[in-house]
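For reference, the structure is listed below as C-alpha cells.
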Amino acid sequence: MGTKTVDEAKAASGVEATNNEEKAEVSKTDEAAEATEATEAREAEATEAAEVADAEGKAAPQGPSGIGQGAGAVVAAALGFVSLSGSWLGTVAGARQQLIGQLRTSSQAGVAEQIKAVYGDAWHATALWGGLFALAALIVGVVVLARPAFGAPGKPQATWIKSVAWGGVALGVIGLLLAVLKYTDILLGLPSAS
C-alpha cells in the first residue's frame, strides 16, 4: 500500500494537473466575471450620472447668466446718481461757459447782461450735462428692464437686477426733471439785476 506503481503515479500526477488546470480555468473565469461586473457597474454609474445631468438640465435651462443685465442696472443707478449730484463734465462745462461769458462780455455791458453771460450760461451748461446723464440713466434702466422680453423665455430676471434698474430709472426721471427745471430757470433761476 505504501508503494505506488508508475502508472498510478502518472495517473495521480495527471489528476493533479487536471485539477490545477480546472482551478486555473475557474480563477480565470472568476477574474473575467469580476471584470465584467466592474465594467457593467461603471457603465451603470455613467448612465445614472447622465440621467441626473439631463434631469438637472431640464429643471434649470441653460441661458444667459444675467451678468450683463446686472451690470446695466448698476450703470443706470450710477448714471442717475451722477445726474443728481453733478459730474466732472458738468463742472468743467459750467466753468468753461463762465470763462467764455467773462471774455465775451464787455465792461460797459449792463449788470443783467453780465449775470446772464457769466453765470446763467454756466448754470444752463451744468443743467444740460445733468440732463444728459439723467437721460442716459433712464435709457439704460429701461433697456435692462425690457431685456427679458427679448431674451430667453421662461428665465426670470433676478430680483436685485430689477430693483437696481428701477432705482436707476427713478433717479433718471428725477434728474431729468430737475435738469429741465434748472435749464428753464424755474428752479433756482438767476437773480434779477434790479
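In this chain, residues are counted from 1 in sequence order.
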Worksheet item: If we only count heavy atoms from C-beta on, is the Lys116 to Asp121 side-chain gap below 4.5 Å?
Response: yes

Practice prompt. Flag the pair Val169 / Val142 as yes when at least one side-chain heavy-atom distance between them is below 4.5 Å, and no otherwise.
Written response: yes

Kindly compute the distance separating [atom1] ([X]) from [atom2] ([Y]), expressed to the nearest 0.5 Å.
| X | Y | atom1 | atom2 | value |
| --- | --- | --- | --- | --- |
| Leu89 | Arg96 | CG | CZ | 12.5 Å |
| Thr126 | Lys182 | OG1 | NZ | 7.0 Å |
| Tyr183 | Trp129 | OH | CH2 | 13.0 Å |
| Leu171 | Leu176 | CG | CG | 12.5 Å |
| Ile186 | Leu178 | CD1 | CG | 11.5 Å |
| Leu132 | Leu79 | CG | CG | 11.0 Å |

Can you name the closest pair of heavy atoms from [X] and [Y] and give their distance?
| X | Y | value |
| --- | --- | --- |
| Val140 | Ala76 | CG1-CB, 3.9 Å |
| Ala125 | Ala93 | CB-O, 3.9 Å |
| Gly172 | Ala137 | CA-CB, 4.1 Å |
| Val164 | Ala73 | CG1-O, 3.2 Å |
| Ala179 | Ala127 | CB-O, 3.4 Å |

Verify the cluster assignment for [X] and [Y]: are they in a single hydrophobic cluster under the rule of side-chain heavy atoms below 4.5 Å apart?
| X | Y | answer |
| --- | --- | --- |
| Ile174 | Leu138 | no |
| Trp88 | Val82 | yes |
| Val92 | Phe133 | yes |
| Val173 | Val180 | no |
| Leu128 | Leu135 | no |

Item to complete: Ignoring hydrogens and angles, tell me if any N or O in the side chain of Ser87 forms a donor-acceptor pair with the backbone of Ser83 under 3.5 Å.
Response: no

Practice prompt. Kindly indicate, with the supporting measurements, whether the criterion side chain to side chain contact (heavy atoms under 4.5 Å, CB included) is fulfilled by Gln157 and Val144.
Written response: CA-CA 10 Å; Gln157 192 174 42; Val144 168; 3.9 Å; yes

Practice prompt. Before giving the answer on side chain to side chain contact (heavy atoms under 4.5 Å, CB included), spell out for Trp123 and Tyr119 the whole-Å C-alpha distance, their side-chain angles and the decisive distance to 0.1 Å.
Written response: CA-CA 6 Å; Trp123 179 250; Tyr119 300 108; over 6 Å; no

Item to complete: Sort out for me which residue in Leu145, Val143, Val74, Ile161 forms a side-chain contact (heavy atoms from CB on, under 4.5 Å) with Gln69.
Response: Ile161

